[in-house]
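What follows is one structure encoded as structure tokens, with my remarks underneath.
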Amino acid sequence: MRLAGRLILDGSSIPQSGWVEVAGDRIARVEPGSCPATPDLGGDDCIICPGFIDAHVHLPQVDSIGVDGLELLEWLAQAIYPAESKWAEPRHAEQAAARAYRRMLRAGTLGYAGYLSSHLAGVTAVIRAAHAMPLRAVVGQSLMDREAPDLLLGQPEARLVRSARGRLVTSLNPRFAVSCSEAMLRRTGERLAAGFPDSPKQREPEDPSGNLFLQTHLAETKAECARVRELFPEDPHYTGVYDRFGLLTPRTLLAHGIHLSDEEWSLIASRGSVVVHCPGANTFLESGLFNLRAAREHGVRVALGSDVAAGPDFAMPRVARAMIEAAKLRRMTIDAEALVPTPGEAFDLITRGNADSLGWRDMGRIEVGASADLLVLRSTIEPDRHFFGRLIHGWEETWIVDRLVAGRPMVA
Ligand code: GUN
Ligand code: ZN
């Protein structure tokens, strides 16, 4: 199959006309110039774009966007835990997981790292959704054993799973230190160290693929940090709680990281863990303005997540815009030296940057040998030096006319 149009190769160059040949689930050729025959997808007025990747999303929160006016812990108690409790019911979980998948596909998100509810039914539901629509995923049951309604606690822990021809891999997701006892964090650290039972452990920090991922939340709001200090008075700080149980590795995704000390940034850097910035969520819950400069100065890897439903947008270009806006607000208010990413840098994050953080070196890019997870956009965006600014700030979902998931066209 051939796709033609302006090819987005990276966020630092203006896309030029070219064509891509797809064989099976891979990109087999990438060529400049016009396609030698009529392409199967795309055309002169089209743009060929890598599928977007969301590094932090909650599938059971697909119907909970917009519950405004609450602080994180109140929002969880009043809106989110009741919504997630419904996932105890397998039919509900299946329908909601399918809805979340459709929302992501429609938004052009072809890979994600995410959370389910605490129920086994969620794991079965997402495996079903992935068989119908094999979005690439690292996803885990939310592990929690305190400070939430009974319907969410004391659930059996799912075994680790690779499904949908390896496109879906489960991770360990202790929700956050507030909802996990010491015993749960200790057990999770032991399971993390043991890795997938059937695969040799891969210890190269540069290539975390094939290993077990851990996802959790860290230092999102001040009230949350205060509660963690009460629950873990002997630890030096919030990050230190996770470190004590061996939870910080190069395959650890730490969502938010808004309220971190220099010591915590250094610890995260030394472990090679990733901080997943979720700007839409941080504004919605008024958690704070992410310190991108601190992350860069400490050499901490950064990914970008929607954090639906605290974040209101499934569309990753909108999340990229929210990142730029949050950084500008920070520069206008509290830090004249704040780093503001360019639209091209933000675009790179929602494609190859997030892919790299998830160990997917063969995704989020248009390259020979890469997985054919591609979008065809039809848009009149001018291909000038403001191309990525126009794409990110002016993003419209209706620009997406075709979606290729592992080489297969999928209708959203
Ligand atoms: N911290 C613990 N759970 C959650 C969640 O579901 N969403 C957000 N934004 N923060 C959390
Ligand atoms: Zn979250």
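In this text, all values refer to a predicted model and were calculated from it rather than measured experimentally. In listed order, ligands and their atoms are each counted from 1.
Below 30°, between 30° and 60°, or above 60°: for Trp265 and Phe290 the angle between ring planes is above 60°, a perpendicular geometry.
At a threshold of 4.0 Å, the pair Arg390-Asp384 counts as salt-bridged, since one of the basic side-chain nitrogens sits closer than that to a carboxylate oxygen.
A distance-only check finds a donor-acceptor pair linking the side chain of Asp10 to the backbone of Ser13 [under 3.5 Å].
Using a 3.5 Å distance cut-off with no hydrogens or angles, the side chains of Glu71 and Thr221 do pair a donor with an acceptor. At a cut-off of 3.5 Å, with distance as the only test, a side-chain donor of Ser261 or Glu264 sits close to an acceptor on the other residue.
A cation-pi arrangement is present between Arg162 and Phe196, with the terminal nitrogen or guanidinium carbon under 6.0 Å from the aromatic centre and inside a 45° cone about the axis.
For Arg331, the side-chain hydrogen bond (donor to acceptor under 3.5 Å, both in side chains) criterion is met by no residue, not counting sequence neighbours.
Its N, O or S atom nearest to the Zn ion (ligand 2) is what matters here, and for His217 that atom is NE2. The N, O or S atom of Asp307 with the smallest distance to the Zn ion (ligand 2) is OD1.
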Criterion salt bridge (charged side-chain N to carboxylate O under 4.0 Å, His left out) on Arg352 and Glu367, from CA distance to verdict: CA-CA 11 Å; Arg352 81 171 60 209; Glu367 281 174 14; 3.6 Å; yes

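Closer than 4.0 angstrom to ligand 1 lie heavy atoms from His58, Gln61, Leu72, Trp75, Leu76, Arg175, Phe176, His217, Glu220, His256, Asp307, Ala310.
Residue His56 counts as close to the Zn ion (ligand 2), with an N, O or S atom under 2.8 Å. At a cut-off of 2.8 Å, His256 does not coordinate the Zn ion (ligand 2) through any N, O or S atom.
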